[in-house]
Amino acid sequence: MAIRRDDHYAALDGLRGIAALSVMMFHIGRWLGVPGLATNSYLAVDFFFCLSGFVLTLAYQRRFDSGMTTIHFMIVRLNRLMPLVVLATLISAIYVMLRSVVLLDSISFSELGIATSLGLLGIPFLGASESIGGPQVFPLNGPQYTLFLEFVVNFFWVATGGVRRLLPALAIAALGLSGLVWFGILAGDIGETFLTGFPRVLFSFYLGICVFYVDRHVGRTWRRDTLFWASCAVTVGIFFIPVTLPFPMQLLWVATLSPTIVFAGAGISLNPRVARPALLLGALSYPIYILHYPVFCWVNGIYQVVMKRPDALIESILLFVAVPVAGFIALQVFDEPVRRALNVRFSQRRQEA
């Protein structure tokens, strides 16, 4: 796996990997019934949205100025994200099907087929039964709901011509914030809270765009190291304190510390010895995030079939090894080759057109 150094923000890449691991820890705590494990690290989702707003503006603004179309941009985004979504959905679907056979679970195979088809297309399945993973709107891979929200806000951003100034970005972020205050929850993963995901992604994504313009205005005129490490230290404390923060405190972190970390991380340079593992973490962040649920299903299912009992400690240790390893293999063997092939095919079709 080649890790690019050019035009890369190593500190932000490292944080993206740590955030993915933190979300995985949060889910392991919930799925295995481990109280107090990374209790508030689901907030890393909002960091992902904020970082996405910053990075996509950085990467694509000039391309839009050079004539990149909405369709071209969305194809690029689909090529980037969907191969692992397809892999994760199929892994989970096979697990649910085999579980029903081994454990004699009663499931609707037609419903499983619908869930699989919608998951492969990245479309939410509202009203899925618990037997196949409901009430998650993506029953075969719960965390996939954030990818759906990402696609929605990406399309909205590019279809409306992007945002070329700080104040319009702030105005749209404020619109998202007002929606969050109205709903009073950071969610969107189940049918009951599905609509709350839209102001959630709108707020953080456009905060990331705001960070881009602030960063471009400030430049590298002052060092941000202290701000970066202090913000990270406070965030670690918030993520891992074994008490769920009340909604106003959650929202305060999303509105202040999350964009602060992106801003500070964009302005620091890491020691080369630290930069390389940070870049590796960044490369593994998406595979870890999108694959940790299907890997959990298989590890948990096999362990309980073999050992005849659950064991949160042993299963957690197994998952901390299995998920990054599975992510690395999937990245090398499947994701990168498929994306290269899709990009070549898309380029050929554009040339033919």
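It should be emphasised that the depicted structure is a prediction, and the values quoted were computed from it without experimental measurement. Because only heavy atoms are used, hydrogens play no part in the values below, and waters and symmetry mates are left out as well, while side chains stay in.
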Start with the C-alpha gap between R16 and L51, add the side-chain angles, then the distance that decides, and say whether side chain to side chain contact (heavy atoms under 4.5 Å, CB included) holds. CA-CA 8 Å; R16 188 165 53 191; L51 182 59; 4.0 Å; yes
Under the side chain to side chain contact (heavy atoms under 4.5 Å, CB included) criterion, do W298 and L98 qualify, and how do the steps go? CA-CA 10 Å; W298 280 95; L98 290 180; 3.6 Å; yes
Derivation and outcome, side chain to side chain contact (heavy atoms under 4.5 Å, CB included), residues C50 and F54: CA-CA 7 Å; C50 184; F54 175 84; over 6 Å; no
Going through the checks in order, is the side chain to side chain contact (heavy atoms under 4.5 Å, CB included) test met by L167 and L170? CA-CA 5 Å; L167 288 181; L170 276 174; 4.2 Å; yes
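Screening residues 158-185 for side chain to side chain donor-acceptor pair (under 3.5 Å) gives D65-R164 as the qualifying pairs, with residues at least two apart or on separate chains. Residue pairs meeting the salt bridge (charged side-chain N to carboxylate O under 4.0 Å, His left out) criterion with at least one partner in residues 308-329, sequence neighbours excluded, are R309-D311. Pairs engaging residues 49-61 under the salt bridge (charged side-chain N to carboxylate O under 4.0 Å, His left out) rule: none recorded [sequence neighbours left out]. Sorted by first and then second residue, the salt bridge (charged side-chain N to carboxylate O under 4.0 Å, His left out) pairs with a member in residues 29-38 form an empty list; sequence neighbours excluded.
Under the salt bridge (Lys or Arg N to Asp or Glu O under 4.0 Å) criterion, D189 pairs with no residue at all, not counting sequence neighbours. F205 pairs by the ring pair (Phe, Tyr, Trp, His ring centres under 6.0 Å) definition with W157, not counting sequence neighbours. Residues satisfying the side-chain hydrogen bond (donor to acceptor under 3.5 Å, both in side chains) test with E192, not counting sequence neighbours, are none. The side-chain hydrogen bond (donor to acceptor under 3.5 Å, both in side chains) check on Y213 picks up Q61, with sequence neighbours excluded. Under the salt bridge (Lys or Arg N to Asp or Glu O under 4.0 Å) criterion, E150 pairs with R77, sequence neighbours left out. For F198, the ring pair (Phe, Tyr, Trp, His ring centres under 6.0 Å) partners at least two apart in sequence or on another chain are F194.
Annotation: side chain of T193 is in contact with side chain of I190 (closest heavy-atom distance under 4.5 Å). Residues D215 and R224 are in side-chain contact: their nearest non-hydrogen atoms beyond the backbone lie under 4.5 Å apart. The side-chain heavy atoms of R339 and L331, taken from C-beta on, include a pair separated by under 4.5 Å. At a threshold of 4.5 Å between non-hydrogen side-chain atoms, the residues V214 and H217 do not count as touching. Proximity of R340 to P337: side-chain heavy atoms (C-beta onward) are separated by under 4.5 Å at one or more points. At a threshold of 4.5 Å between non-hydrogen side-chain atoms, the residues Q144 and T89 count as touching. Residues I314 and M307 are not in side-chain contact: their nearest non-hydrogen atoms beyond the backbone lie 4.5 Å or more apart. Between F212 and V163 the shortest side-chain heavy-atom distance does not fall below 4.5 Å.
Closest non-hydrogen pair, A275 versus A10, comes out as CB-CB, 4.0 Å. Looking at every heavy atom in both residues, L180 comes nearest to I185 through CD2-O, 3.8 Å. A pairwise comparison of heavy atoms in F73 and M68 identifies CA-CE, 3.7 Å as the closest pair. Shortest non-hydrogen contact noted between D335 and P83 is OD1-CB, 3.7 Å. Residue A173 comes nearest to L207 through the heavy atom pair CB-N, 4.2 Å, listed as atom of the first residue, atom of the second, then distance. When all heavy atoms of I123 and F138 are compared, the closest pair comes out as O-CE2, 3.3 Å.
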Kindly list each side-chain donor-acceptor pair under 3.5 angstrom involving residues 289-296, sequence neighbours excluded, with atom names and distances?
{"unit_1": "Y289", "atom_1": "OH", "unit_2": "P143", "atom_2": "O", "d": "3.3"}
{"unit_1": "Y289", "atom_1": "OH", "unit_2": "T146", "atom_2": "OG1", "d": "2.8"}
{"unit_1": "H292", "atom_1": "ND1", "unit_2": "I288", "atom_2": "O", "d": "3.2"}
{"unit_1": "H292", "atom_1": "ND1", "unit_2": "Y289", "atom_2": "O", "d": "2.6"}
{"unit_1": "H292", "atom_1": "NE2", "unit_2": "H27", "atom_2": "ND1", "d": "2.8"}

Pairs under 3.5 angstrom only: tabulate donor-acceptor contacts from the side chains of residues 239-258 to other protein residues two or more places apart or in another chain.
{"unit_1": "Q250", "atom_1": "NE2", "unit_2": "Y42", "atom_2": "OH", "d": "2.8"}
{"unit_1": "Q250", "atom_1": "NE2", "unit_2": "L245", "atom_2": "O", "d": "2.7"}
{"unit_1": "W253", "atom_1": "NE1", "unit_2": "T235", "atom_2": "OG1", "d": "3.1"}
{"unit_1": "T256", "atom_1": "OG1", "unit_2": "L252", "atom_2": "O", "d": "2.5"}

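Just one of F64, Y60, F346 meets the ring-ring contact (aromatic ring centres under 6.0 Å, His included) condition when paired with H72; it is F346.
Looking only at distances, no side-chain donor or acceptor of S52 sits under 3.5 Å from a matching main-chain atom of F48. At least one donor-acceptor pair closer than 3.5 Å links the side chain of Y286 to the backbone N or O of L81. N40 contributes a side-chain N or O that, together with a main-chain N or O of I238, makes up a donor-acceptor pair within less than 3.5 Å.
Between the OG atom in S316 and the CH2 atom in W31 there is a gap of 11.5 Å [rounded to 0.5 Å]. Atoms CZ and CD1, on R99 and I302 in that order, are 13.5 Å from each other to the nearest 0.5 Å.
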